[in-house]
Amino acid sequence: MSHLQNNRIVYGCPWVVAFFSVIQPAFAGTIVTLPRVDISTTHADSTQDEPSLADAPLSASSPDQGSLRMSRLSSPDAASLLRNLPGVSTYSGGRLADLPVLNGMADDRVATVVDGVRIAPACPNHMNPALSYIDPDSVQTVTATAGLTPVSNGGDSLGGTINVERADPRFARHGKILVTGRARGTYRSNGAAYSAAGSMTVANDILSLRYSASYDESGDYDAGGGLGRVLSTEYLRYTHDVTLGIHKRNHLFVLTFSQQDAPREGFPNQFMDMTNNRSTGVNGKYVGTFNWGTLEARGYWQHVTHAMNMLPDKTGNMPMNDDSRTAGYALKATIPLGLAHTLRLGSSFDHEGLNDWWPPVTGSMMMGPDTFHAINNGHRDRLGHFAEWEAHWTSRLSTLLGLRNDLIMMDTGNVAPYSWTGMMNATDAQAAKAFNARSHGRTDVNFDVTAMARYRVLDSLDVEAGYARKSRAPNLYERYAWGQSNMASTMIGWFGDGNGYVGNLDLKSEVGHTASVTFRWHDPSAQNRWELKVQPYYTYVHNYINVQVLRSLSSSKSKLNGSLLQFVNHDAQMYGINSSGHYTVWNTHAYGKGELTGSLSWVRGQDMVSHSGLYQQMPLHGTLALNETIGPWTGRVELELIKSKTTVDQIRLEPRTPGYALLNLGGSYTWRMMTLSAGIDNIFDQRYYMPLGGILVETEKSTGQHIAVPGMGRSFNVSLAASF
Ligand SMILES: [Cu+2]
């Protein structure tokens with residue numbers, strides 16, 4: 001696994017810096033970075049110098065340091081760390097809630113694992129996805145594995161796995177005390193955004209205690225090209241984490257307590273905004289090496305209360321609440337069998353419990369007098385098991401074969417509309433009766449297989465090819481959302497497209513068959529001066545969960561253009577090519593190191609029943625960047641190129657968007673413990689519309705105009721950071 005370097009360049013508020021600069025010198029030289037008890041390294045030591053297929057498939061990629069620096073300067077959303085990776089795009093609603101798309105598969109189809117835990121969004125609009133709970137400065141490693149994913153990287157997904165981990169705790173040398181930390185303050189001119197993030201560790205050689213916190217706030221941003229302010233794009237979020245680490249010989253135990261408050265976040269492409277999201281959680285990890293192998297055990301618990309209504313940019317009043325409790329464990333044992341073979345065994349259980357209810361609005365004819373129960377005591381429990389066998393046959397040939405079983409059990413209680421008898425609630429009362437008349441319990445038994453091989457054809461060419469069968473069971477809303485009125489159905493949906501959605505009790509799991517091959521040409525020397533990766537892929541999905549039209553939403557009272565859509569199983573296919581590379585242009589004492597990096601991705605998706613394009617398929621897009629490092633200076637020029645989006649999902653009225661190019665510039669200077677970074681995003685204030693950004697819902701609601709959400713205009717960003 002390509003771990004990012006343990007980045008000690010960190011950033012800070014001046015007052016924090018001033019305080020810690022006083023105490024810093026006393027502890028200089030006591031820092032010990034724990035020898036990672038890492039499955040991939042322990043295994044690699046026992047065989048040839050060949051990286052593990054399961055932990056580092058060629059289809060996996062991680063952002064380079066220049067890209068990470070720029071992402072952290074530009075955005076407080078951890079999903080932005082993924083932005084330049086091949087095959088990866090994101091679709092946005094709120095600015096702290098980007099949802100990843102891998103090889104054309106979005107959101108729930110991607111296993112997004114944060115600190116070993118996969119948490120489903122607790123919201124009918126997916127406003128609080130897994131990556132929204134971690135601030136980018138706390139993130140240590142980011143890996144996106146597109147397409148062929150080893151079964152040990154997670155089931156119940158089709159597109160691949162995104163793995164984000166916070167830094168392991170740090171310990172001191174025996175007999176010493178370590179005090180270390182980082183702090184950073186950031187200002188972004190567009191939207192007048194402020195961020196602050198900091199962390200402090202106190203540790204001896206056995207115990208380590210770390211406190212991390214972050215704060216992010218922004219007003220609405222201005223679109224590029226003088227389009228004006230984009231309403232409902234503000235946010236405010238606080239996170240706090242306390243991490244306790246215990247390290248004894250070959251054992252590492254880590255316990256993290258997390259708390260997050262997000263009092264507001266606007267969603268320009270939803271009918272609702274987030275008016276509060278509060279999360280409390282515990283996450284434990286144990287890693288131990290034994291004479292038989294390595295054991296990694298994780299456990300977690302999280303409670304989320306989520307509230308939605310309209311922030312001042314929107315008109316209306318409609319409170320909606322979610323309460324979710326999740327808990328689970330994951331066990332993974334890595335057992336070397338001789339020098340050439342490794343067996344991995346895993347077991348996991350994830351419980352998700354959800355209540356979604358909409359309190360009555362006093363004085364409203366429609367929203368009352370009772371409480372609307374959208375999901376009443378719903379739960380989705382997943383029990384997963386896998387076995388994976390990796391073999392290094394020769395120094396050139398390795399194979400991986402994995403089998404996985406996921407058992408997904410779902411159920412929910414009876415539901416209720418705002419009123420059983422009110423004239424205005426007749427549609428929903430009838431729908432609730434029909435829903436309650438049926439049994440709701442469903443069990444999906446899913447099997448996954450991944451078979452792949454890697455062959456070193458030349459010292460400068462590796463080829464990895466394989467096949468994966470992967471499955472995903474429907475989420476709670478795809479099965480159990482039941483309201484059929486315009487008002488109830490438009491509250492459901494994480495697509496930002498202005499349509500209304502209703503679930504389907506008869507949905508089956510999606511099963512995807514993917515064939516893919518990755519070619520990696522690279523510098524045969526250890527200097528790694530150049531690399532080019534090209535990955536074509538094809539996926540056929542049986543029972544892809546798409547939609548069919550039940551009726552139009554437009555009426556004498558509604559200016560909406562969209563439709564009431566019901567989730568249905570259709571077959572679908574996706575194919576595309578991901579490519580990425582880097583090239584060291586110069587590396588001399590006088591001029592430092594100059595490196596070109598780039599990526600180019602193309603994907604197409606089709607519904608085989610409706611013959612429409614699939615929703616949210618990113619048009620051809622790429623990034624070209626030049627990174628320069630010389631002494632304490634770094635610089636980056638980045639060009640983003642996105643082709644016009646002409647293939648769209650006609651059923652959801654997905655807008656076509658013109659092509660565009662954005663130029664971004666950034667640089668940093670490090671002086672002792674301080675780093676000053678500055679950058680300009682979208683230098684030419686280019687006007688553009690986000691191809692996966694959905695539509696301006698409030699505009700459509702009031703005027704009937706169907707407009708894609710415009711992207712952000714020029715922003716001057718600056719941050720000051722310190723590490724000590
Ligand atoms: Cu929400």
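The residues of the chain are indexed from 1 along the displayed sequence. We count ligands from 1, going down the list as the structure has it; atoms in each ligand are counted the same way.
Contact check for Leu85 versus Pro63: side-chain heavy atoms found under the 4.5 Å cut-off. Within the 4.5 Å cutoff, the side chain of Asn269 has no heavy atoms near those of the Tyr91 side chain.
For Cys123, the nearest N, O or S atom to the Cu ion (ligand 1) falls under 2.8 Å. Residue side and main chain included, Met308 places an N/O/S atom under 2.8 Å of the Cu ion (ligand 1).
Among the heteroatoms counted here (N, O or S) of His306, NE2 is the one nearest to the Cu ion (ligand 1).
Phe435 and Trp482 have tilted rings, their planes meeting at an angle from 30° to 60° on a 0 to 90° scale.
Here the closest non-hydrogen pair linking Asn128 and His306 is ND2-ND1, 3.4 Å.
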